[in-house]
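I have placed the structure first, in the form of structure tokens, so that the comments after it can refer back to it.
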Amino acid sequence: MNTIEEIYRKSEEFQNREVLIAGWVRNNRDQKEFGFIDLNDGTCFSSIQVVYDSSIENFKDIQKYRNGSSVEVKGELVLTPSAKQPFEIKAKEITLLGDSGEDYPIQPKRHSREFLREKLHLRARTNLFNAIFRLRSEAAYAIHTFFHSRGFIYVHTPIITSNDGEGAGELFNITTASPNPETDFFGKKVYLTVTGQLHVEAFAMAYRNVYTFGPTFRAENSNTTVHASEFWMIEPEIAFADLTDEMNLAEDLLKYVIDYVLKNCSEEMKFFDAFVEKGLIDKLTLVLNSKEFKRITHKEAIDLLLASGINFENAPGYKKDLATEHEKYLTSYFKSPVFVYDWPKDIKAFYMRMNDDNETVAASDLLVPGSGEIVGGSQREERLDLLLKRMSDLHMNEKTLDWYVDLRRYGGCKHSGFGLGFERLLMYLSGVDNIRDVEAYPRNPNNCDF
RNA sequence: GCCUAAAUAGCUCAGUUGGUUAGAGCACCUGACUGUUAAUCAGGGGGUCGUAGGUUCGAGUCCUACUUUGGGCGCCA
């Protein structure tokens, strides 16, 4: 059996030779004595055109093969230089493997994303979603390749955890429905993880450079195009490294992934560029070739917003977080990804390293046009006394995180890391503007179908 | 969670000031067609107009509630 991918890749070798392929009918245009099937086997974005004529004994049946049916085709690959497509298969035999009913919902036309969200099991058969989920796979591979090439260790941090969040968001409880935690499965309250960071920090203190890449769960009642209840996150942690090293790493990673998908998903990227976001490839190429992403402190960002003369709905403030409208202004002002670093301590997590001014912490957010905050990172507080003071100021339970504090007791060192939202990265890379469309089976408040 | 808009055929939509039997394109079925490219052409079937109430001689159209979906905001990645 051949694949459409190898036929495209080695079309000269296959010329005038017999091939055997199997795939799904995307379109079937029949005429009196002949007809054309667009066949896609999933091995590449492109379909291949199969020509059949009345010399085939089951010609009358083939004419009625509907969209979505699976078929096997034996035939000869012939070049068609004067036609729209470079080559086609002149069929000798076409066998129906699996019929598709009259009510197959995917038609050879545009469908709304909303409609396709109700057909999660079928939408990968459309051009758009076929492109998205191949991009997703390739981008994941690129991320692993990037870290592996730099000697990072891939750590599988737990999905079930007793860490109660440390402020990263609302948690999903895990229970076997026992009335009280002590008699429940784990003998205590446990949750689905909201981050692998604390766990992976421990491994950074053994392997130096490590990362996690796995699912994450937030029980927040967020209803936006950039939030999901289940999403994937990449969290590297690097020892003997400060905030600048952390920003450099995030920038290198983003550029590596852009370069990889432009080279290895070129058909998909061209499709996104043509039908999803005009100018996408130029936008990414510009970022790829930029010398260094813009880096400004939180204070400088606020200065810029105040000087913009724009009457923001949320007034910018030196002690306040950036609102979505502020992020949009900053990314469109610089027309590129922007790091905002040195944030007011009160709006950031307890583990972030206090700067000498005692007002800000060594944290950085990477903002990108379209997807907003795509990376959140920081240098971690490695000084035992300062970490303990911060935890007690925030009335945190030291006991449950004693193991985390231990990392400062036994050979602590400066270290940094970040979290990259995988889906937000995919949105940025594809131009797709809803997180529900870059996850195979998206989960949101009141939505866990399939 | 807050704000806002929408829901009419399998899909995408039109439907006038409240007035006869609710339309179109695509999909599906039947047929035509010697190279199609979301093929084209002719014909056919397919609708309790999201649900429940209400106003009215009369409601797809107006009112109320609910449900679902889209978008914006907040929380974050």
Side-chain angles (χ1 to χ4, degrees), chain A residues 26-39 46-54 63-64 66-68 78 80 82-85 88 90 100-119 122 126-127 165 167-170 194-197 215-235 250 275 312-314 320-328 347-349 365-368 371-377 418-428 433-439 444-447 449:
Chain A
R26 284 284 182 88
N27 200 358
N28 185 0
R29 299 176 293 275
D30 72 293
Q31 298 187 46
K32 193 179 187 184
E33 301 294 334
F34 55 90
F36 306 91
I37 288 174
D38 293 336
L39 194 72
S46 294
S47 301
I48 198 164
Q49 176 160 287
V50 176
V51 199
Y52 57 92
D53 62 35
S54 54
Q63 283 181 306
K64 296 197 164 67
R66 281 180 293 257
N67 296 345
V78 292
T80 53
S82 57
K84 244 183 163 176
Q85 70 286 349
E88 63 189 16
K90 190 160 173 23
S100 177
E102 288 173 20
D103 54 354
Y104 181 63
I106 310 296
Q107 302 164 24
K109 62 167 250 184
R110 263 184 76 104
H111 291 86
S112 68
R113 313 257 172 98
E114 293 81 8
F115 171 67
L116 292 169
R117 272 175 220 146
E118 295 169 6
K119 312 280 177 207
L122 298 175
T126 65
N127 281 332
E170 296 297 313
V194 294
T195 170
Q197 181 203 318
T216 314
F217 308 88
R218 305 266 168 102
E220 238 125 54
N221 191 12
S222 297
N223 297 287
T224 80
T225 54
V226 294
H227 288 86
S229 308
E230 176 176 331
F231 64 98
W232 285 57
M233 197 154 55
I234 298 108
E235 296 177 286
F275 295 107
F312 291 108
E313 227 159 275
N314 304 279
K320 291 189 346 198
D321 207 346
L322 296 178
T324 303
E325 55 180 337
H326 303 149
E327 296 179 356
K328 281 179 181 161
I347 58 171
K348 287 293 182 182
D365 283 3
L366 178 61
L367 313 176
V368 298
S371 309
E373 185 187 338
I374 199 171
V375 173
F418 63 81
L420 165 65
F422 188 47
E423 283 76 13
R424 291 189 183 175
L425 173 67
L426 294 173
M427 292 169 72
Y428 180 62
D433 56 12
N434 194 314
I435 198 168
R436 297 175 184 91
D437 295 331
V438 296
E439 293 195 297
N444 292 93
N446 283 314
N447 172 34
D449 293 334

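As a basis for the values below, the full set of heavy atoms in this structure was taken, side chains included, without hydrogen atoms, waters or symmetry mates. Chain A is the first sequence line, chain B the second, and so forth, proteins listed ahead of strands; every chain is numbered from 1.
Residue-to-nucleotide contacts include a donor-acceptor pair under 3.5 Å from the side chain of Arg424(A) to the base of C76(B). Checked by distance alone, Ser222(A) brings no side-chain donor or acceptor within 3.5 Å of a matching partner on the base of C76(B).
Listed pair Asn67(A) / A38(B) fails the phosphate criterion, with no side-chain N or O lying under 4.0 Å from OP1 or OP2. Between G74(B) and Thr324(A), a contact under 4.0 Å exists linking OP1 or OP2 to a side-chain N or O. Side-chain nitrogen and oxygen atoms of Lys109(A) include none within less than 4.0 Å of the OP1 or OP2 phosphate oxygen of C26(B). Residue Arg66(A) places at least one side-chain N or O under 4.0 Å from the OP1 or OP2 atom of C29(B). For Lys328(A), a side-chain nitrogen or oxygen approaches OP1 or OP2 of C73(B) to under 4.0 Å. Close to U69(B), at under 4.0 Å from its OP1 or OP2, lies no side-chain N or O of Arg113(A). In this structure, Ser112(A) reaches the U12(B) phosphate: one of its side-chain N or O atoms is under 4.0 Å from OP1 or OP2.
Side-chain atoms of Glu230(A) do not come within 3.5 Å of backbone N or O of Phe217(A) as any donor-acceptor pair. With hydrogens and angles disregarded, no donor-acceptor distance shorter than 3.5 Å links the side chain of Asp437(A) to the backbone of Met427(A). Using modelled atom types, one side-chain atom of His326(A) and one backbone atom of Asn314(A) make a donor-acceptor pair closer than 3.5 Å.
Rounded to whole Å, the C1' atom of G23(B) lies 11 Å from the corresponding atom of G47(B). With both ends at atom C1', the span from U40(B) to G35(B) equals 13 Å, rounded to whole Å. Atom C1' of G72(B) sits at a distance of 32 Å from the matching atom of C26(B), rounded to the whole Å. Spacing between C2(B) and U17(B) at atom C1', rounded to whole Å, works out to 36 Å. When the P atom is used for both U12(B) and G50(B), the distance is 14 Å, rounded to whole Å. Comparing the P positions of C13(B) and U55(B) gives an interatomic distance of 34 Å, to the nearest angstrom.
Both stacking criteria are satisfied for Phe231(A) over the base of A77(B): a centre-to-centre distance under 5.5 angstrom and an angle between ring planes under 30 degrees.
Both distances falling under 3.5 Å, in either a Watson-Crick or a G-U wobble arrangement, place G31(B) opposite C41(B). Both distances falling under 3.5 Å, in either a Watson-Crick or a G-U wobble arrangement, place C2(B) opposite G72(B). In this structure A7(B) sits in a base pair with U67(B), meeting the Watson-Crick or G-U test at under 3.5 Å.
Distances were taken from every side-chain heavy atom of His227(A) (C-beta onward) to each of C76(B), U12(B), U36(B); the shortest belongs to C76(B). The side chain of Asp321(A) lies closest to C76(B) when the candidates are G70(B), C76(B), G35(B). Ranking C76(B), U34(B), C26(B) by closeness to the Phe34(A) side chain, first place goes to U34(B). Which of C75(B), G70(B), C33(B) sits closest to the side chain of Glu220(A) comes down to C75(B). Side chain of Glu327(A), nearest nucleotide from G74(B), C76(B), G70(B): C76(B). Side chain of Lys64(A), nearest nucleotide from U36(B), U30(B), A77(B): U30(B).
Taking the six-membered ring where tryptophan is involved, the planes of Phe34(A) and Phe36(A) are perpendicular, since the angle between them exceeds 60° and thus also 30°.
Regarding Asn223(A), its CG atom lies at a distance of 13 Å from the P atom of C73(B), rounded to whole Å. Between the CG atom of Leu425(A) and the P atom of A77(B) there is a distance of 15 Å, given to the nearest Å.
Within 4.0 Å of Thr225(A), counting heavy atoms only, lie sugar-phosphate atoms of the nucleic acid but no base atom. Residue Glu114(A) is in sugar-phosphate contact alone, with no base atom involved, counting any heavy-atom pair closer than 4.0 Å across all strands shown. If you check every strand for non-hydrogen atoms under 4.0 Å, Gln49(A) touches a base. Heavy atoms of Ala228(A) sit under 4.0 angstrom from at least one base atom. Contact annotation for Glu33(A): no contact, since no heavy-atom pair falls under 4.0 Å across all strands. Glu235(A) comes within contact range of no nucleotide atom at all, as no heavy-atom separation falls under 4.0 Å.
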Test side chain to side chain contact (heavy atoms under 4.5 Å, CB included) applied to Phe231(A) and Arg424(A), step by step: CA-CA 10 Å; Phe231(A) 64 98; Arg424(A) 291 189 183 175; over 6 Å; no
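Inter-residue side-chain proximity for Glu373(A) and Val226(A) is flagged as unmet; no heavy-atom pair is nearer than 4.5 Å.
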